Protein chains: 2
Amino acid sequence: MVMAMAAPHPDPLAGFPAGFLDGFTFREVAKGQLLATPGQALNQVFIVRSGRLRVYLASDARELSLAILEPGDIFTTHTPTFVRSLEPASLWLIGIREFGAKLAGAPGVAPLMMKVLGRILDNAVSLVEDLAFRDVPARLARFLVRQAARRGEQAAEGCLLPIDLGTEDIACLLGTTRQSVSSLINQWQREGVLSRRGRRALLIHDLPALAARSLMQG
Amino acid sequence: MVMAMAAPHPDPLAGFPAGFLDGFTFREVAKGQLLATPGQALNQVFIVRSGRLRVYLASDARELSLAILEPGDIFTTHTPTFVRSLEPASLWLIGIREFGAKLAGAPGVAPLMMKVLGRILDNAVSLVEDLAFRDVPARLARFLVRQAARRGEQAAEGCLLPIDLGTEDIACLLGTTRQSVSSLINQWQREGVLSRRGRRALLIHDLPALAARSLMQG
DNA sequence: GCCGGAGTGTCGGCTGGCCGACGGAAGCGT
DNA sequence: ACGCTTCCGTCGGCCAGCCGACACTCCGGC
């Protein structure tokens, strides 16, 4: 679900006309820095140059990630969400008003914007669907299946799949808890569906089984 | 949440330059007609001229309304949602590709698009927030408070608020069940927070109490 | 008036999954 | 090597809220 956010191109600026960034201000941020909060007055649009940013909601007790922005992604501070850097990052900023003007001046960018916003919207809708219709096992299974489709490498015994997030972070993406994720992974491990490969990777043996699980009660 | 979707302008076409609709095809639909389903090949953008359309997700067992489109709203069939007319309606259609071209040709519309998409996104985010962070009483309370702000009439003993939806429909908007909504309303009635006024209206006596309830565990 | 259907109120049982707690394992600085 | 911190696995208790069931009320048709 959320991973669909990743920029499809290795070059973050593919699609932008030359000189489009004139007038943007460049900014570098350290790891873990808060870039936007709900209800802030400042309305800006930004384009990610490097690093990953987490877009999330928070209540007193819990947090829920909506998306992870990667290089090339466009977003705005004018949303009721928090945005925080997961790692050192750099980005281009501009006022939302000026951005509108630039957009008018560079017609080719408008469809690109629509694509990006559409993708983010799809993402949010997908999250709603998950939260409303699917139980935790189905959500986790779907997450793994999508990860496998995006980042998995076909290996001899199955699909090798790097996981660069901790248990807690995954739980946060899926709107559940660390404990639930942990026990599910280990249950599936016992059932032979998958197994760990070191600290930061999984080996999926039975992708179809996962896919089936992800479709249940959906 | 969902009600924030209503078009702000009485004139559905405010903001569109003259002649922008050239190239759109006009279409009228009867009540209850299905306009879009998930996964359909046809990618179109449409602008609502008259009538209300419901945007919703569905699983085998349940449905969940995402938004209600009103005249002036723009949407696309290229989403994993169903779109169905609540009443006789009319709209302008165009292929998504051609829409992109028109957008490039009419620079003033791009910011408008961004606004509309942004509003829909806010809406979806708001729903996610509800589902993830708030319990059913808080969701219902928030719904009533927002309804009161939008449609309520100040009366002697409180705020008189027409409800043109059945219990089932409200449950559907909030992602819960008929029974839960029913018992909550009656509990609050016993507590003197509100009371029924005929079949299709509520009289809110203690709006602040509801507002407080809507903020709990949020 | 009588009947049937749709919408509503209420109850009890059942369960997914959150929460707190705690022990073990892996990384990391010194 | 050593502690220290952070992350991971597991268990049991607990509760919100879904589900099925059923009675009641309202309303329109005939």
Side-chain angles (χ1 to χ4, degrees), chain A residues 31-32 57-64 86-87 130-144 162-191 193-202 213-214 216-218, chain B residues 32 58-64 130-144 162-191 193-202 213-214 216-218:
Chain A
K31 172 180 173 176
L57 298 169
S59 74
D60 299 339
R62 208 179 331 177
E63 295 185 354
L64 183 118
L86 281 174
E87 50 200 66
D130 268 11
L131 291 173
F133 297 143
R134 287 192 232 284
D135 63 11
V136 172
R139 301 216 281 275
L140 180 56
R142 185 149 82 134
F143 171 77
L144 291 177
I163 298 282
D164 49 355
L165 299 166
T167 316
E168 182 93 51
D169 303 294
I170 296 176
C172 198
L173 283 168
L174 301 177
T176 180
T177 60
R178 190 187 61 77
Q179 293 95 319
S180 299
V181 171
S182 174
S183 53
L184 274 170
I185 298 245
N186 285 82
Q187 181 188 326
W188 289 338
Q189 205 164 346
R190 264 172 258 127
E191 292 168 1
V193 176
L194 49 77
S195 55
R196 312 219 81 140
R197 274 297 175 275
R199 196 76 162 175
R200 302 225 157 258
L202 286 178
R213 192 65 190 80
S214 80
M216 293 185 65
Q217 53 183 279
Chain B
S59 74
D60 299 338
R62 209 181 330 181
E63 294 185 353
L64 184 120
D130 266 12
L131 290 173
F133 297 143
R134 288 191 233 282
D135 61 13
V136 172
R139 301 216 281 276
L140 180 57
R142 185 148 83 133
F143 171 78
L144 290 177
I163 298 282
D164 50 356
L165 300 166
T167 316
E168 183 92 52
D169 303 290
I170 296 176
C172 191
L173 282 169
L174 301 177
T176 179
T177 61
R178 190 188 62 75
Q179 292 97 318
S180 298
V181 171
S182 175
S183 54
L184 275 170
I185 298 246
N186 285 82
Q187 181 188 328
W188 289 338
Q189 205 164 345
R190 265 172 259 126
E191 292 168 1
V193 175
L194 48 78
S195 53
R196 311 220 79 141
R197 273 298 175 275
R199 200 77 164 172
R200 303 222 156 259
L202 286 178
R213 191 65 191 82
S214 80
M216 293 185 65
Q217 50 183 281

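Residue numbering restarts at 1 for every chain, and letters A, B, ... go by the order of the sequence lines. Source: prediction; values computed, not measured.
Side-chain nitrogen and oxygen atoms of A:R196 include at least one within less than 4.0 Å of the OP1 or OP2 phosphate oxygen of D:dG9. Distances shown here put every side-chain N or O of B:R134 at or beyond 4.0 Å from the OP1 or OP2 atom of D:dA16. Taking side-chain N and O atoms only, A:R190 has a distance below 4.0 Å to OP1 or OP2 of D:dT10. Between B:T177 and D:dC18, a side-chain N or O to OP1/OP2 separation shorter than 4.0 Å is present. Considering only side-chain N and O atoms, B:S180 lies nowhere under 4.0 angstrom from the phosphate OP1 or OP2 of D:dA16. Between B:T167 and C:dT8 there is a side-chain N or O to OP1 or OP2 distance below 4.0 Å.
No donor-acceptor pair under 3.5 Å is formed between the side chain of B:R139 and the backbone N or O of B:T176.
Atom pair A:I185:CD1 and D:dG9:P shows a separation of 8 Å (rounding to whole Å applied). When the P atom of D:dA16 is taken as reference, atom CZ of B:R213 falls 10 Å away, rounded to whole Å. Atom-to-atom, CG of B:N186 to C1' of D:dC24 comes out at 13 Å; the value is rounded to the nearest Å. Computed from coordinates, the A:I163 CD1 to D:dC7 C1' distance equals 15 Å when rounded to whole Å. If you take CG of A:L165 and C1' of D:dC8, they are 15 Å apart, rounded to a whole angstrom. In this structure, A:R178 places its CZ atom 14 Å from P of D:dC11, rounding to the nearest Å. One atom, CG of A:D135, and another, C1' of D:dG17, lie 15 Å apart when rounded to the nearest Å. As rounded to whole Å, 18 Å separates atom P of C:dG16 from atom CG of A:L174.
If you check every strand for non-hydrogen atoms under 4.0 Å, A:R200 touches nothing.
The side chain of B:Q179 lies closest to D:dA21 when the candidates are C:dG20, D:dA21, C:dC18. Distances were taken from every side-chain heavy atom of B:S182 (C-beta onward) to each of C:dT8, D:dC11, D:dC18; the shortest belongs to C:dT8. Considering only the side chain of A:R199, D:dC7 comes nearest among D:dG17, D:dC7, D:dC26.
Between A:D164 and A:D169 there is no side-chain heavy-atom pair separated by less than 4.5 Å. Within the 4.5 Å cutoff, the side chain of A:R197 has no heavy atoms near those of the A:L202 side chain. A heavy-atom distance below 4.5 Å is found between the side chains of A:I170 and A:I163. Counting only heavy atoms from C-beta outward, the side chains of A:L165 and A:L173 approach each other to under 4.5 Å.
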